[in-house]
Amino acid sequence: MSRNVSKRNVALYGLLCVLCIPFVFPTWWMVTSSMKPISEIFSESLLPSEWTFSTYETVFRMQPFGQQYWNSLYIAVVVTAGTMAVAALAGYAFARIRFPGQNALFVVVLTGLLIPSEVTIVPLFQMFQSLGMTNTHWPLIIVPIFGAPCVLAIFIMRQFFIALPPELEEAARMDGLGRAGIFYRIALPLSRPALGAVAIFTFLHSWNLYLEPIVYLSTPDMFTLPQALTQFVDIYGGPMWNVQLAAATMTAVPILVVFVVAQRQFIEGLAHTGVKG
């Protein structure tokens, strides 16, 4: 019996290894091609004939890549923290506080998911331009936290708080806690899985944001990484593939780190976020 189980496990792991090839191969090709001469980028060889790291040096010589890296990093961290705070407060209010027009207001909030960002980008640009905030990072921080990108986070937090047993709040009230105390001492600590899911997809969304930076930012020192990746071209305007791939490899590192570190919280958050209510 154990031998059959062992064979079954070997077959299962073998199948999983085959199925992961389409997901792993693009990353493998990106990393190895970043170390190839540009003449070998589209060759059939999976490994460089001569490993070179000069492309990584070129990335920092052509642009202020370190500053651009910092721009993306701090914007993503601030947006993630702000979105978690707003989503937790709004989600708890929609789930636990009864007030007139509650369901109607929640439906209005959810309509933000139906509006493409391309529809609102022009009026938002005009608003920030009138406020003197163009070519600054404020639009990339304010819009995701208080705009449509936060709607999904609010929905996830609301669904999580709805699933919490009401007996927890009743016991907290008997101990003398008010609404704020119940939220900060009971509901918020229990919502770590949902907050983990919100943190991951918010960080990824902010890190990969492309349309908004090219609309609001105009100087290389203010660029974020997705916008900076398009600037690695030769004197004729052609793409420098190996340099672009080197920059893309460094850009992908934080995403991999965040997902590997927090993947359990992400899965638990989505599992605990039902469709109740």
Side-chain angles (χ1 to χ4, degrees), residues 20-80 116-118 121 125 134-137 139-141 143-144 149 200-263:
C20 78
I21 290 177
F23 303 95
V24 175
F25 179 75
T27 303
W28 169 266
W29 182 84
M30 176 182 69
V31 175
T32 56
S33 296
S34 68
M35 304 177 189
K36 292 179 180 179
I38 195 169
S39 58
E40 297 181 11
I41 292 295
F42 298 106
S43 65
E44 296 180 357
S45 175
L46 296 179
L47 295 173
S49 60
E50 180 181 353
W51 296 82
T52 176
F53 294 92
S54 61
T55 52
Y56 288 85
E57 299 177 3
T58 305
V59 170
F60 291 92
R61 287 201 307 267
M62 291 187 65
Q63 290 198 76
F65 194 73
Q67 179 64 45
Q68 295 163 349
Y69 211 99
W70 166 251
N71 293 342
S72 283
L73 185 60
Y74 97 81
I75 290 173
V77 170
V78 171
V79 169
T80 300
S117 59
E118 294 81 2
I121 192 69
F125 174 79
T134 54
N135 200 32
T136 70
H137 294 149
L140 307 182
I141 295 174
V143 174
I200 290 178
F201 77 71
T202 302
F203 185 91
L204 297 183
H205 177 268
S206 177
W207 187 264
N208 293 322
L209 206 61
Y210 177 72
L211 174 63
E212 286 78 359
I214 65 174
V215 171
Y216 294 119
L217 306 178
S218 57
T219 57
D221 287 340
M222 301 298 294
F223 285 177
T224 56
L225 290 177
Q227 186 180 9
L229 291 178
T230 64
Q231 306 299 312
F232 294 103
V233 295
D234 57 24
I235 58 175
Y236 302 106
M240 302 174 66
W241 293 110
N242 52 352
V243 178
Q244 285 186 351
L245 291 172
T249 299
M250 290 186 284
T251 300
V253 170
I255 297 177
L256 296 176
V257 171
V258 168
F259 187 78
V260 169
V261 170
Q263 61 177 328

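FYI, side chains are in, hydrogens and waters are out, and symmetry mates aren't considered; it's all heavy atoms of this structure.
- The backbone N or O of S54 sits less than 3.5 Å from a side-chain atom of T58, completing a donor-acceptor pair.
- To the nearest 0.5 Å, atom OG1 of residue T249 and atom CD of residue Q244 are 11.5 Å apart.
- Taking each heavy atom of L217 and Q227 in turn, the nearest pair found is O-NE2, 3.5 Å.
- Between W207 and the choices L73, V79, V77, the side-chain contact (heavy atoms from CB on, under 4.5 Å) rule is met once, by L73.
- In this structure, the side chains of I121 and Y216 come closer than 4.5 Å at one or more pairs of heavy atoms.
- Ring centroids of W29 and F25 are separated by 6.0 Å or more, keeping the two rings apart.
- With rounding to the nearest 0.5 Å, the separation of NE2 in H205 from CD1 in I200 is 15.5 Å.
- Nearest approach of A252 to M30, heavy atoms of both residues: CB-CE, 4.2 Å.
- For the pair Q68/T224, no side-chain contact is recorded, criterion being any heavy-atom separation below 4.5 Å from C-beta on.
- The aromatic rings of F65 and Y69 stand perpendicular to each other, their planes meeting at an angle above 60°, with 30° marking the opposite boundary.
- Looking only at distances, no side-chain donor or acceptor of E40 sits under 3.5 Å from a matching main-chain atom of P48.
- Closest non-hydrogen pair, S33 versus L245, comes out as CB-CD1, 3.4 Å.
- No donor-acceptor pair closer than 3.5 Å links the side chain of N71 to the backbone N or O of L225.
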Going through the distances and angles, do E212 and V143 end up as a side chain to side chain contact (heavy atoms under 4.5 Å, CB included)?
CA-CA 10 Å; E212 286 78 359; V143 174; 5.8 Å; no
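- Rounded to the nearest 0.5 angstrom, I41 CD1 and T32 OG1 are separated by 8.5 Å.
- Scanning both residues, P139 and P144, for their nearest heavy atoms gives O-CD, 3.8 Å.
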Evaluation steps, side chain to side chain contact (heavy atoms under 4.5 Å, CB included), between K36 and N242:
CA-CA 7 Å; K36 292 179 180 179; N242 52 352; 5.8 Å; no
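- When all heavy atoms of H137 and I75 are compared, the pair lying nearest together is CG-CD1, 3.6 Å.
- The nearest pair of heavy atoms linking S34 to Y56 is OG-OH, 2.8 Å.
- Between the side chain of Q231 and the backbone N or O of Q63 there is no donor-acceptor pair closer than 3.5 Å.
- By the 4.5 Å heavy-atom criterion applied to side chains, F223 and I214 are not counted as neighbours.
- Side-chain contact check for L140 versus P213: some heavy-atom pair is nearer than 4.5 Å.
- Annotation: side chain of S206 is not in contact with side chain of T80 (no heavy-atom distance under 4.5 Å).
- Contact of the M62 side chain with the M240 side chain is registered, since non-hydrogen atoms from C-beta on lie closer than 4.5 Å.
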